[in-house]
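The next block holds one structure in the form of structure tokens; read it before the comments.
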Amino acid sequence: MLITAIFVALSRDLMAVVMVFGAYSLLSAGMFMVMDAPDVAFTEAAVGAGVSTLLMLMALSKTGRFERRVERQWLPLSLTLVTTAVLVYGTLDMPKVGHPENPVHQHVVPRYLEESGKEIGIPNVVTSVLASYRGFDTFGEVVVVFTAGLGVFLLIGGIRRKENR
Amino acid sequence: MHDSLILRVVAKFLIPVIVLFGLYVVFHGKLGPGGAFQAGVILASALIVHMLVFGPDETRRVAPVAVLRGLAAVGVLLYGGTGLISLALGANYLDYNPIGSTPVSGQYFGILLVEIGVCITVASTMALLALLFAERVRT
């Protein structure tokens with residue numbers, strides 16, 4: 001995974017970058033699977049490795065295959081490095097992964113895990129959290145997807161109509 | 001687009017399998033991994049395979065852009081409408097308990113309706129994106 005990420009950052013052949021990025025998505029899907037999150041792995045494999053690779057390839061065929069060579073810019077680079085350092089420093093304060101006292105395991109999760117079988121009657125807790133406990137959030141997500149699709153439709157579909165006139 | 005016999009035959013075999021798998025993921029999402037978002041993408045990928053092999057024009061005949069656009073709205077409305085049903089039955093918005101005879105069966109139907117709504121919206125939006133992009137690529 002690290003190798004693919006470094007390749008994506010360094011290569012100038014955008015076609016290869018898109019391909020390797022797809023492989024990166026597939027690898028991270030495998031990682032999610034190893035961490036017992038098949039729902040997330042599913043999404044990553046379908047969206048990250050599948051559909052977005054296709055959309056990027058389509059965009060590439062409109063824009064051209066190779067990245068333009070640019071002068072190395074020091075201000076953005078130093079900004080990124082500083083931000084990275086701050087973020088890494090922030091992770092030092094994070095609780096250990098998998099520790100039972102972590103806030104993640106203390107807040108609403110025990111209730112979801114223990115009660116959702118009785119309240120919702122569905123074995124897959126992810127689904128019951130997604131669609132029932134957090135129904136409002138999911139509704140928001142659907143509206144976002146719809147709005148994004150509508151935006152692309154207005155941008156791309158609208159131009160086509162003008163050409164026909 | 002492509003006149004390769006192998007591609008056409010394999011696609012004809014694959015597309016029903018992909019659609020079936022997508023439907024399985026929607027309706028089995030309560031028991032195993034998966035859910036409406038993933039299922040929507042899987043269903044859309046069936047249309048995308050169709051588009052890659054048979055060409056965008058053929059796909060437009062199967063799934064016209066106007067229909068896809070309408071379906072995307074139908075999915076959102078189905079989700080929102082499920083919430084309105086529970087409002088009409090005297091509960092909070094998106095509280096599925098009163099939809100069925102018992103709270104648990106109400107949750108079951110509510111989640112099913114909502115998931116189908118999500119699936120329709122995601123599938124039609126993804127297919128719409130791919131189709132529109134393909135049109136742009138050609139022109």
Rounded distance (nearest 0.5 Å) linking atom CG of A:Leu55 with atom CD1 of B:Ile48
6.5 Å

Let's test your reading of the structure: which of B:Ser45, B:Ala73, B:Gly117, B:Ala44 forms the most heavy-atom pairs below 4.5 Å with chain A?
B:Ala73

A:Tyr89: hydrophobic cluster co-members (side-chain, 4.5 Å)
A:Leu92

Distance in Å, B:Leu68 CG paired with A:Phe153 CZ, rounded so as to fall on 0.5 Å steps
10.0 Å

Is there a side-chain contact between B:Val114 and A:Phe139, using heavy atoms and a 4.5 Å cut-off?
no

When heavy-atom pairs shorter than 4.5 Å are enumerated against chain A, which of B:Ala72, B:Ala130, B:Gly75 gives the highest number?
B:Ala72

Over 12 non-hydrogen atoms of neighbours within 6.0 angstrom of CZ in A:Phe21
no

Less than 4.5 Å to any heavy atom of chain B: does that hold for the side chain of A:Val145, its backbone, both, or neither?
both

Would you call the rings of B:Phe21 and A:Phe42 parallel, tilted or perpendicular, taking 30° and 60° as the class edges?
parallel

Are the side chains of B:Leu52 and A:Leu54 in contact, using a 4.5 Å heavy-atom criterion?
yes

Single-linkage hydrophobic cluster A:Met33~A:Met35, side-chain heavy atoms < 4.5 angstrom
no

Would a hydrophobic clustering, with Ile, Leu, Val, Met, Phe, Trp and Tyr connected at side-chain separations under 4.5 Å, put A:Val142 with A:Val51?
yes

Check this for me: A:Leu87, atom CG, are more than 12 non-hydrogen atoms of other residues, nucleotides or ligands nearer than 6.0 Å?
yes

So which residues get pulled into B:Leu20's cluster when ILVMFWY side chains under 4.5 Å apart are joined, directly or through others?
none

Testing B:Leu128, B:Leu129, B:Thr125 one by one against A:Val152 for a side chain to side chain contact (heavy atoms under 4.5 Å, CB included), which residue passes?
B:Leu129

Would you indicate whether A:Ile3, at its atom CD1, is surrounded by more than 12 heavy atoms from other residues, nucleotides or ligands within a distance under 6.0 Å?
no

